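Shown next, in structure tokens, is the structure this report addresses.
Quick caveat: nothing in here was measured; it's all calculated off a predicted structure. Values reported hereafter were calculated over all heavy atoms of this structure, with side chains retained and with hydrogens, waters and symmetry mates removed. Counting from 1, the numbers follow the sequence of the chain as shown.
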Amino acid sequence: MTARQEMPKVGNNLTLREEEKKTMDEILQRAVVKVVVPTERALLQLIHRTIEFVVREGPMFEAMIMNREISNPCYRFLFENQSPAHVYYRWKLFSILQGDSTSRWNMKPFRMFEGGSIWKPPPVDPFLQGMPEELVKEDEEEEEKNKRGSLSNAQRGRLEHMIRHLTPERENVGEAMVWCIEHAEAAEEICQCLCEALTNNSTPVTKKMARLYLVSDILHNCSVKVTNASFYRKGLQSKLQEIFEGLHNAHNIIESRLKAEQLKQRVLQCCRAWEDWAVYPPEFLISLQNIFLGLVKRVRC
């Protein structure tokens, strides 16, 4: 004999759902979202660079990155909505769009959405607290001056450090590419630096390929709407014959046939990618391949 179940009263479920929604809304409004700055330097830099491009290109750029990097663990901050890194990313993007600078922002708690939770910004960088405004302004003016066509000593040092320690991993190459695009006003100097790095005979093959991947990544992204970014196409074109001659020399001194073949296939793969992207005319790309294969000598100016 089974126990008789009591039938629910009509209308109770609807009332219950309304009450639950009201309760959840009240909890949400009282909740405080505390923003914490990521301590991992590489992650922080990646978040900041992503924000810079989203601000320049719009929300479609974010959607494109999420679609392209869905399997890349470095971009988990875009997908893990509850993670501290995602919270920081959302706050920083909102802060920049509200007119805050990268180093100074409004410390007052706020609601990002009407009826939403209270967001509590992180403290301002303690290294900037107490610094007179005129000194900060002088530093910014000096940095702006250095950006006009050439790198400052610090920027040049950072570029050389990135190139020296570059590895073929996508994250590493991508980070260096973004830095180069952001400093496109000094594209001529950056192209020269890349050329020197790729023609150094003492450089291991793995590092040479990482640097060639960086060149390829820059070419693939030089059409973005960033001032002077398009100059990389012309600037690198003037260096590529010398670069491919250096790759030919590197290929010739490899003792292992397997490693030599691997280098050959990767270099030619880059050429095929550039052809697909229509970066340069086919005849120029054929000349690069011929120089690398030793079929012709490069034309010296």
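- Below 30°, between 30° and 60°, or above 60°: for Phe110 and Trp119 the angle between ring planes is below 30°, a parallel geometry.
- Smallest separation of non-hydrogen atoms from Ser117 and Ala31: CB-O, 3.5 Å.
- The aromatic rings of Tyr280 and Phe284 stand perpendicular to each other, their planes meeting at an angle above 60°, with 30° marking the opposite boundary.
- Within the 3.5 Å criterion, the main-chain N or O of Asn200 finds a donor-acceptor partner in the side chain of Lys208.
- One finds a salt bridge joining Glu160 and Arg156 here, because a Lys/Arg side-chain nitrogen approaches an Asp/Glu carboxylate oxygen to under 4.0 Å.
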*Might you work through the side chain to side chain contact (heavy atoms under 4.5 Å, CB included) test for Leu288 and Phe292, ending with a clear yes or no?*
CA-CA 6 Å; Leu288 292 182; Phe292 171 68; over 6 Å; no
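- Scanning all heavy atoms of the two residues, the minimum distance from Cys191 to Tyr232 falls at SG-CD2, 3.7 Å.
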_Verdict with reasoning, Arg90 to Glu62, per salt bridge (Lys or Arg N to Asp or Glu O under 4.0 Å)_ = CA-CA 12 Å; Arg90 285 295 165 207; Glu62 182 185 80; 3.1 Å; yes
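- Relative ring orientation between Trp277 and His220 is described as tilted, the plane-to-plane angle lying within the 30° to 60° band.
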*Verify side chain to side chain contact (heavy atoms under 4.5 Å, CB included) between Leu78 and Glu69, making sure each step is shown before the conclusion.*
CA-CA 9 Å; Leu78 290 174; Glu69 306 293 347; 6.0 Å; no
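- Nearest approach of Val87 to Asn81, heavy atoms of both residues: CG2-O, 4.4 Å.
- Side-chain N or O atoms of His86 include none that pairs as donor or acceptor with a backbone N or O of Gln82 at under 3.5 Å.
- Ser216 places no side-chain N or O within 3.5 Å of a backbone atom of Leu212 that could act as its donor or acceptor partner.
- Separating the CG atom in Asn153 from the CD atom in Gln155 is a distance of 9.5 Å, to the nearest 0.5 Å.
- At a threshold of 4.5 Å between side-chain heavy atoms, the hydrophobic network of Ile, Leu, Val, Met, Phe, Trp and Tyr places Met60 and Val54 in two separate groups.
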*List the steps and the verdict of side chain to side chain contact (heavy atoms under 4.5 Å, CB included) for Leu240 and Ile243.*
CA-CA 5 Å; Leu240 280 172; Ile243 288 173; 4.2 Å; yes
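- Checked against side-chain hydrogen bond (donor to acceptor under 3.5 Å, both in side chains), Glu169 has the following partners two or more places apart in sequence or in another chain: Thr167.
- Minimum heavy-atom separation, Phe244 to Ile291: C-CG2, 4.0 Å.
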*Given Glu196 and Gln192, is the side chain to side chain donor-acceptor pair (under 3.5 Å) satisfied, shown in steps?*
CA-CA 6 Å; Glu196 292 172 0; Gln192 179 61 36; 3.1 Å; yes
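- Taking the ring centroids of Tyr88 and Trp91, they lie under the 6.0 Å cut-off.
- Qualifying salt bridge (charged side-chain N to carboxylate O under 4.0 Å, His left out) partners for Arg49, counting only residues two or more places apart in sequence or in other chains: Glu175, Glu182.
- Remark: Arg56 is positioned above the aromatic ring of Phe53, its terminal NZ or CZ atom under 6.0 angstrom from the ring centre and at most 45 degrees off the axis.
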*Begin with the C-alpha distance, continue with both residues' side-chain angles, and end with the deciding distance and a verdict on side chain to side chain contact (heavy atoms under 4.5 Å, CB included) for Arg111 and Ile118.*
CA-CA 5 Å; Arg111 296 186 191 275; Ile118 299 172; 3.6 Å; yes
*Could you go through the salt bridge (Lys or Arg N to Asp or Glu O under 4.0 Å) check for Lys234 and Glu188 one step at a time?*
CA-CA 9 Å; Lys234 181 180 178 181; Glu188 184 175 1; over 6 Å; no
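- When atom types are taken as modelled, the side chain of Asp100 and the backbone of Ile96 share no donor-acceptor pair closer than 3.5 angstrom.
- Looking at every heavy atom in both residues, Thr199 comes nearest to Cys195 through OG1-O, 2.8 Å.
- Every residue was checked against the side-chain hydrogen bond (donor to acceptor under 3.5 Å, both in side chains) condition with Gln237, not counting sequence neighbours, and none meets it.
- Follow the hydrophobic side-chain contacts under 4.5 Å out from Leu268 and you reach Met209 in the same cluster.
- When the side chains of ILVMFWY residues are joined at heavy-atom separations under 4.5 Å, either directly or via intervening members, Met112 and Val55 end up in a single hydrophobic cluster.
- Between Ile181 and Cys222, the closest heavy-atom pair is CD1-CA, 4.3 Å.
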